[in-house]
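Scroll down for the structure; my scribbles are underneath it.
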Amino acid sequence: MPAGGIDRRTVLTTALALPAMTTLTAVPAHAASWQLRWNPSPGSAGLNAFEGIEDDRADSHPGVTHIYPQGETYRFDMHTQDRDTATDRQRQEVRGMRQNGTVLNWKNGETWKVTYQMFIPSSLQATTSFTHVFQTKMPGTGTSPLTVMSLRHTGGRQTIEFKIFEPEVLVGRVDLPPLQNKWIDVEIEQRVGNSGRVRWILRDGGTTVIDAAKNGDTYLSDVIRPKWGIYRSLSDSAHLKNCHLLLRNLKGYQYV
């Protein structure tokens with residue numbers, strides 16, 4: 001007999017002894033679903049939609065604002081003279097999600113999804129080194145990304161790709177030029193954990209360009225945060241121009 005002295009037979013006998021008019025109603029299990037947690041409006045929330053702003057951290061371009069709302073769009077400007085505090089790279093990024101003053105961190109074991117539209121002009125080119133337009137990272141300095149969406153020049157092609165950073169699991173890669181100079185739809189789903197999972201979807205109008213998923217390590221410690229913007233190496237100078245990146249209709253969902 002199980003602990004507590006009640007087995008299935010005892011439960012069944014008790015149920016049969018109840019009056020005929022009594023009905024035992026099972027409590028339905030909770031059905032998990034996507035819950036909207038983050039839905040910022042650039043026009044009203046402005047940059048308060050994010051936990052932090054990394055705009056010219058080294059003050060390499062004094063008097064110039066590189067990250068700002070433009071109507072209902074977030075704009076990231078990058079100039080060839082811009083430098084990060086690590087002088088071999090450039091960085092104009094926002095980090096984290098803030099909704100009504102509350103920061104929404106992604107925790108171990110949780111599953112999150114972000115959807116948005118992105119405009120990549122032809123001036124923002126793929127490079128042979130890193131040019132990231134999305135990352136997830138643990139807070140703090142000196143930690144590597146966990147996942148990245150990058151513009152990478154590989155095999156003589158300009159591509160856009162998504163990777164689980166270590167041990168470098170390629171989720172997917174497609175040609176970049178057909179997706180430039182237009183609004184494309186982005187969907188990134190990430191289960192946070194050392195045995196995590198990523199699903200990456202790009203849509204061009206009504207056409208799904210890629211819908212790919214891979215398992216991998218998407219957690220380091222503490223919490224993780226998404227980042228958006230332009231973060232690129234200076235090593236491939238032939239493909240570095242003054243450029244910008246536009247984002248709109250940002251939404252964040254948690255699967256609960």
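Because the structure is predicted, anything quoted here is derived from the model rather than measured.
Among all heavy-atom pairs drawn from Gly193 and Asn108, the shortest one is CA-OD1, 3.3 Å. Heavy atoms only, all atoms of each residue included: Thr218 and Val192 are closest at OG1-CA, 3.3 Å. Minimum heavy-atom separation, Val94 to Ile53: CG1-CD1, 3.6 Å. The two atoms that bring Leu234 and Thr87 nearest to each other are CD1-O, 3.3 Å, heavy atoms only. Nearest heavy atoms, Pro121 versus Gln180: O-NE2, 3.2 Å.
Between the OG1 atom in Thr127 and the CG atom in Leu151 there is a gap of 7.5 Å [rounded to 0.5 Å]. In this structure, CG on Asn39 lies 8.5 Å from OG on Ser41, to the nearest 0.5 angstrom. Annotation: the span from Arg95 atom CZ to Ile224 atom CD1 amounts to 15.0 Å, rounded to 0.5 Å. One finds the CG atom of Leu170 at 6.0 Å from the NZ atom of Lys163 (value rounded to the nearest 0.5 Å). Once rounded to the nearest 0.5 Å, the distance linking CZ of Arg191 with OH of Tyr255 reads 11.5 Å. The line from CD of Glu166 to OG of Ser144 is 5.0 Å long, rounded to the nearest 0.5 Å.
Within the structure, every pair that satisfies the side chain to side chain donor-acceptor pair (under 3.5 Å) test and touches residues 145-159, not counting sequence neighbours, is listed here: His132-Ser150, Thr136-Thr147, Thr147-Gln190, Arg152-Glu161, Arg157-Asp175. Pairs engaging residues 205-220 under the salt bridge (charged side-chain N to carboxylate O under 4.0 Å, His left out) rule: Arg199-Asp211 [sequence neighbours left out]. Counting only residues at least two apart or in different chains, salt bridge (charged side-chain N to carboxylate O under 4.0 Å, His left out) contacts with residues 62-82 comprise Arg75-Asp77. Listed by first and then second residue, the salt bridge (charged side-chain N to carboxylate O under 4.0 Å, His left out) pairs involving residues 57-69 are Arg57-Asp84 (not counting sequence neighbours). Screening residues 232-256 for salt bridge (charged side-chain N to carboxylate O under 4.0 Å, His left out), with sequence neighbours left out, gives no hits.
Scored by the side chain to side chain donor-acceptor pair (under 3.5 Å) test, Asp204 finds Lys182 as partners (sequence neighbours excluded). Not counting sequence neighbours, Arg37 has no partner by the salt bridge (charged side-chain N to carboxylate O under 4.0 Å, His left out) test. Under the side chain to side chain donor-acceptor pair (under 3.5 Å) criterion, Arg225 pairs with Glu51, sequence neighbours left out. Checked against side chain to side chain donor-acceptor pair (under 3.5 Å), Trp112 has the following partners two or more places apart in sequence or in another chain: Glu110. Partners of Lys227 by side chain to side chain donor-acceptor pair (under 3.5 Å), not counting sequence neighbours, listed by chain and number: Glu54, Glu93.
Under the 4.5 Å side-chain criterion, counting only non-hydrogen atoms from C-beta, Phe134 is not in contact with Trp200. With contacts defined as side-chain heavy-atom distances shorter than 4.5 Å, the pair Leu220/Leu146 qualifies. The side-chain heavy atoms of Gln254 and Trp38, taken from C-beta on, include no pair separated by under 4.5 Å. Between Met97 and Trp106, some side-chain heavy-atom pair lies under the 4.5 Å cut-off. Within the 4.5 Å cutoff, side-chain heavy atoms of Leu245 are placed close to those of Met118. Contact annotation: the side chain of Gln90 approaches that of Met78 to within less than 4.5 Å [non-hydrogen atoms, C-beta and beyond]. Between Leu179 and Val174, some side-chain heavy-atom pair lies under the 4.5 Å cut-off. Using a 4.5 Å heavy-atom cutoff, the side chains of Cys243 and Ile230 are in contact.
One N or O on the side chain of Asn194 and one on the backbone of Tyr219 form a donor-acceptor pair closer than 3.5 Å. In this structure, Asp56 contributes its side chain and His61 its backbone to a donor-acceptor pair below 3.5 Å.
Using bins of under 30°, 30° to 60° and over 60° for the plane-to-plane angle, the ring pair Tyr74/Phe50 lands in the perpendicular bin.
Taking the six-membered ring wherever Trp is involved, the centroid distance between the rings of His66 and His79 falls below 6.0 Å.
Hydrophobic cluster membership differs between Leu240 and Phe76, with clusters built from Ile, Leu, Val, Met, Phe, Trp and Tyr side chains linked at under 4.5 angstrom. With hydrophobic clusters built from ILVMFWY side chains whose heavy atoms lie under 4.5 angstrom apart, Leu124 shares a cluster with Val209. Ile188 is not connected to Phe130 by any chain of hydrophobic side-chain contacts under 4.5 Å among Ile, Leu, Val, Met, Phe, Trp and Tyr, and they are in different clusters. At a threshold of 4.5 Å between side-chain heavy atoms, the hydrophobic network of Ile, Leu, Val, Met, Phe, Trp and Tyr places Val133 and Tyr68 in two separate groups. In this structure, Leu36 is a member of the same hydrophobic cluster as Trp34, with clusters built from ILVMFWY side-chain heavy atoms closer than 4.5 Å.
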Please lay out, stage by stage, how Ile210 and Ile201 fare under the test side chain to side chain contact (heavy atoms under 4.5 Å, CB included). CA-CA 5 Å; Ile210 188 169; Ile201 303 172; over 6 Å; no
Side chain to side chain contact (heavy atoms under 4.5 Å, CB included) assessment of Val114 paired with Leu250: CA-CA 7 Å; Val114 290; Leu250 288 141; over 6 Å; no
Stepwise side chain to side chain contact (heavy atoms under 4.5 Å, CB included) test for Tyr231 and Thr131: CA-CA 6 Å; Tyr231 177 40; Thr131 295; over 6 Å; no
What's the verdict on side chain to side chain contact (heavy atoms under 4.5 Å, CB included) for Leu247 and Trp228, showing C-alpha distance, side-chain angles and the deciding distance? CA-CA 9 Å; Leu247 305 178; Trp228 291 268; 3.6 Å; yes
side-chain hydrogen bond (donor to acceptor under 3.5 Å, both in side chains) assessment of Gln35 paired with Ser33: CA-CA 6 Å; Gln35 302 294 315; Ser33 61; 2.7 Å; yes
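Grouped by direct or indirect side-chain proximity (heavy atoms under 4.5 Å, Ile/Leu/Val/Met/Phe/Trp/Tyr only), Val148 sits with Phe165. Through direct or indirect side-chain contacts shorter than 4.5 Å among Ile, Leu, Val, Met, Phe, Trp and Tyr, Trp183 is connected to Phe119, Leu246.
For Gln81, the CD atom is densely surrounded, since the number of other residues' heavy atoms within 6.0 Å is greater than 12.
For the residue pair Ser235 / Ser233, a side-chain donor-acceptor distance below 3.5 Å is found, with atom types taken as modelled.
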